[in-house]
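Data block below; observations after.
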Number of protein chains: 2
Amino acid sequence: MKFTMEDVAKLSGVSKSTVSRILSGKTVNISEKTRQKVLSVVQELNYRPNELARSLKMAQTRVIGLILSDLKNPFWMTVLDGVEEACNQFGYHLMICNSGNNGDKEQEYILSLQQRRVDGILINPTVHNKEMLAHLIQTGFPLVFLNRTIQGIVANSVVVNNRQGIRLAVEHLFGQGFRRIALVTYNEEGVSTWTERVEGYKEGMREHGINSVAVWRKHPEAELNLSPLYEEYQPDAVIVTNNVLTLYVIERLRELNLRIPGDVAIVGYDETVWAKHLAPPLTTIKQPARELGRIATESVIKLIQGEKLSDDAVTLTPEIVVRESSVRTR
Amino acid sequence: MKFTMEDVAKLSGVSKSTVSRILSGKTVNISEKTRQKVLSVVQELNYRPNELARSLKMAQTRVIGLILSDLKNPFWMTVLDGVEEACNQFGYHLMICNSGNNGDKEQEYILSLQQRRVDGILINPTVHNKEMLAHLIQTGFPLVFLNRTIQGIVANSVVVNNRQGIRLAVEHLFGQGFRRIALVTYNEEGVSTWTERVEGYKEGMREHGINSVAVWRKHPEAELNLSPLYEEYQPDAVIVTNNVLTLYVIERLRELNLRIPGDVAIVGYDETVWAKHLAPPLTTIKQPARELGRIATESVIKLIQGEKLSDDAVTLTPEIVVRESSVRTR
DNA sequence: CCCTTTCTTGCAATCGATTGCAGCAACCGG
DNA sequence: CCGGTTGCTGCAATCGATTGCAAGAAAGGG
């Protein structure tokens with residue numbers, strides 16, 4: 001049922017070369033008669049060229065690999081939508097992988113995508129494959145870091161300003177009169193998003209003359225008992241560095257019978273569909289997720305097409321969406 | 001920097017054939033000496049075979065295409081996670097496309113995936129490409145419908161029982177003493193998920209002797225003014241057939257100054273990370289999303305491997321998660 | 001020691017495209 | 001009528017693997 005160029009050629013009474021030239025749009029010097037003939041046969045057979053063969057010969061697949069560290073995080077849904085949109089626009093296809101923050105799996109995927117000869121890779125990297133990634137970049141392979149950077153690796157990357165994001169939260173809370181602000185984040189060594197957000201928090205506090213800060217870290221797999229932490233620092237506000245973690249923290253605070261924002265104010269990370277429907281509606285740091293996806297994809301496509309990018313890193317700007325969860329009640 | 005089998009062969013002093021046989025694990029009759037020699041060269045060069053060439057020759061790519069109708073819906077995130085997991089387990093890669101419920105885009109993606117010679121396709125189909133899909137199935141192409149069926153097409157599909165899902169909601173609400181139950185759904189012609197849920201609702205109501213029902217339909221792009229609808233039917237409970245739509249409805253009801261569940265109870269569709277954090281916590285119909293993804297993927301892989309599936313359709317069972325939004329207050 | 005059988009390995013065709021080079025036909029002017 | 005252009009098309013090599021067939025080497029039997 002599947003036809004080849006050979007078949008089309010035979011039925012049109014021409015050679016493969018001619019068919020190929022017509023289909024690839026190399027309009028140069030093909031008589032209108034043969035062109036019509038060939039196109040009608042193509043139509044009739046419903047022929048479509050085998051992309052594998054084409055890719056093999058052309059040494060390009062028009063496929064981009066995407067490696068995410070945690071597919072379950074709803075944040076990626078919007079990013080993914082932007083990535084898909086850009087891919088579609090430029091005629092690329094997307095191959096998706098989920099490393100689950102596992103270094104070995106990530107490595108296997110990188111190799112595997114390369115074996116499949118993807119033209120470029122978008123990656124939200126783990127911290128476990130530094131040398132491999134560095135090597136890849138060094139060899140000129142089109143690679144773009146998505147939302148995370150890796151210490152010590154100069155790479156094209158598209159990220160959102162994490163320090164600024166947290167500082168928006170800090171400034172807002174200070175404006176509302178809160179002073180004892182704690183931060184809750186994930187306990188994952190070396191992940192730039194978390195470390196930068198923690199730094200942003202400390203900087204922000206320091207600027208207001210506060211050096212006694214509280215950073216609470218939750219291991220992704222374990223529970224976090226807020227009770228002793230709360231007792232020790234007695235915060236009047238909490239900033240959380242991740243969307244799902246925010247829900248977790250809210251739940252734990254409720255268990256301590258703390259009212260939001262009366263006893264403790266909350267600012268969460270990532271604007272989500274549900275943020276405004278929580279009780280009380282949640283103040284969030286909104287990251288431009290779709291743009292993140294779009295721009296990163298456009299970047300990798302530019303690299304593929306041989307363009308030099310003017311900047312190694314594109315840094316997007318977060319906003320704060322203020323809702324009741326962080327507004328001082330009288 | 002990229003080596004070919006030829007290079008490996010030359011450096012090992014053997015022919016391509018031998019290298020190929022060793023790497024493809026065809027252990028039959030290769031002397032241990034040459035095997036070791038070749039493997040060491042492979043190691044040294046860091047050689048990995050070109051999958052394009054292999055795929056071309058073998059006429060299989062070990063890639064599965066996934067076409068979703070609406071990537072933005074958080075429901076898919078969990079499904080996707082299940083799909084990815086199964087793909088990974090069986091050594092397949094995933095190519096993702098988003099039709100955005102657009103028939104033309106869907107068609108283009110189907111053709112394009114076929115051109116790329118994916119081994120099989122998982123699709124959450126729109127209603128616009130019946131003949132094409134039917135034809136595909138007829139030719140024996142491994143295709144599995146995901147979460148939706150298409151009227152008039154017998155296909156392998158994995159779905160969740162939609163009638164039963166809604167009826168769980170109806171029964172629960174009746175148990176709580178609600179009688180004037182309205183349903184809100186999307187106004188999309190012919191989409192099985194919506195039509196089946198509407199039917200389930202009507203059946204459930206009829207069984208309780210209620211023939212006067214209210215189905216409110218929201219066009220995906222337009223606003224829905226609940227005020228007149230509410231006035232007309234005066235429901236004491238509302239079931240919503242989609243997760244994001246549920247948030248929308250809750251917002252509109254709030255604008256009408258209706259208290260939940262005091263004035264009107266709510267049951268939403270899809271168990272989400274945020275459901276239990278809403279105010280009040282939301283009762284939901286929980287679909288086994290990850291299993292949906294896993295099983296559909298396993299099905300298409302079986303089809304690819306030539307197995308006959310014992311049943312055309314696998315129907316999974318939803319559950320109800322009861323929370324305060326649908327519990328009668330005294 | 002020769003012939004047969006069993007291991008190993010290589011040759012060359014194949015998968016389905018793309019493309020440089022060359023050849024043939026038609027057309028032109030002189 | 002002939003040589004030179006120009007226009008159109010085909011031949012055959014190539015991309016990087018896989019694999020049927022056959023040949024050469026090694027081993028075994030008489």
Side-chain angles (χ1 to χ4, degrees), chain A residues 1-39 41-42 45-63 91 93 111-119, chain B residues 1-39 41-42 45-63 111-119:
Chain A
M1 290 305 97
K2 266 298 169 200
F3 298 103
T4 75
M5 199 163 262
E6 186 81 46
D7 301 324
V8 177
K10 283 226 177 76
L11 283 173
S12 324
V14 298
S15 74
K16 287 191 298 178
S17 329
T18 305
V19 177
S20 170
R21 283 192 260 257
I22 291 175
L23 289 182
S24 56
K26 302 214 189 303
T27 186
V28 273
N29 295 344
I30 300 280
S31 75
E32 197 51 28
K33 212 176 72 183
T34 39
R35 151 181 259 90
Q36 289 308 330
K37 176 66 187 161
V38 169
L39 287 181
V41 172
V42 165
L45 294 189
N46 218 324
Y47 168 76
R48 293 205 135 205
N50 183 326
E51 277 291 332
L52 288 177
R54 188 202 288 256
S55 294
L56 175 60
K57 178 65 188 177
M58 308 280 277
Q60 63 149 329
T61 52
R62 298 192 76 79
V63 174
H93 274 230
L111 288 172
S112 177
L113 287 174
Q114 285 219 287
Q115 247 181 288
R116 286 226 142 81
R117 295 298 188 268
V118 297
D119 292 342
Chain B
M1 290 307 94
K2 266 298 168 199
F3 298 102
T4 74
M5 200 163 261
E6 187 79 47
D7 302 324
V8 177
K10 282 226 178 75
L11 283 174
S12 324
V14 299
S15 73
K16 288 190 297 177
S17 329
T18 305
V19 177
S20 170
R21 283 191 260 258
I22 292 175
L23 290 181
S24 56
K26 302 213 189 303
T27 185
V28 272
N29 295 342
I30 300 279
S31 75
E32 198 51 29
K33 210 175 74 184
T34 40
R35 149 182 261 91
Q36 288 309 331
K37 175 66 187 161
V38 168
L39 286 181
V41 172
V42 165
L45 295 188
N46 219 324
Y47 167 77
R48 292 206 135 204
N50 182 326
E51 276 292 331
L52 288 177
R54 189 203 288 257
S55 294
L56 176 60
K57 180 62 188 178
M58 308 279 277
Q60 63 148 331
T61 53
R62 297 192 76 81
V63 173
L111 288 172
S112 178
L113 286 175
Q114 285 218 286
Q115 249 181 286
R116 286 227 144 80
R117 297 296 188 271
V118 297
D119 292 342

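Keep in mind that what you see is a predicted model, and the values were worked out from it rather than measured. Reminder, nothing fancy here: chain letters follow the sequence lines and each chain counts from 1.
A sub-4.0 Å separation between OP1 or OP2 of D:dG16 and a side-chain N or O of B:Thr4 is absent. A:Tyr47 has a side-chain polar atom (N or O) that falls below the 4.0 Å cut-off from OP1 or OP2 of C:dA17. Contact annotation: B:Ser31 reaches the phosphate of C:dT9 (side-chain N/O to OP1 or OP2, under 4.0 Å). Within the structure, a side-chain polar atom (N or O) of A:Arg54 is placed less than 4.0 Å from OP1 or OP2 of C:dT18. Within the structure, a side-chain polar atom (N or O) of A:Thr18 is placed less than 4.0 Å from OP1 or OP2 of D:dG10. The shortest distance between the side-chain N/O atoms of A:Ser20 and the OP1/OP2 oxygens of C:dT18 is below 4.0 Å.
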_Chi angles and distances behind the side-chain hydrogen bond (donor to acceptor under 3.5 Å, both in side chains) call for A:Thr34, A:Ser31_ = CA-CA 6 Å; A:Thr34 39; A:Ser31 75; 2.8 Å; yes
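Closest contact between the side chain of A:Ser15 and the listed nucleotides D:dC11, D:dT18, C:dA17 involves D:dC11. For B:Ser17, the listed nucleotide lying nearest its side chain is C:dG10; candidates were C:dT19, C:dG10, C:dA13.
Between the CD atom of A:Glu6 and the P atom of D:dG10 there is a distance of 12 Å, given to the nearest Å. The interatomic distance linking A:Arg21 (CZ) with C:dG20 (P) rounds to 9 Å, in whole Å.
Comparing B:Val19 and A:Met58 by the nucleotide of DNA chain D that holds the closest heavy atom to each, the one mapping nearer the 5' end is A:Met58. Along DNA chain C, the nucleotide closest to B:Lys16 and the one closest to A:Ser24 are compared, and the more 5′ of them pairs with B:Lys16.
Looking only at distances, a side-chain donor or acceptor of B:Arg116 sits under 3.5 Å from a matching main-chain atom of A:Thr61.
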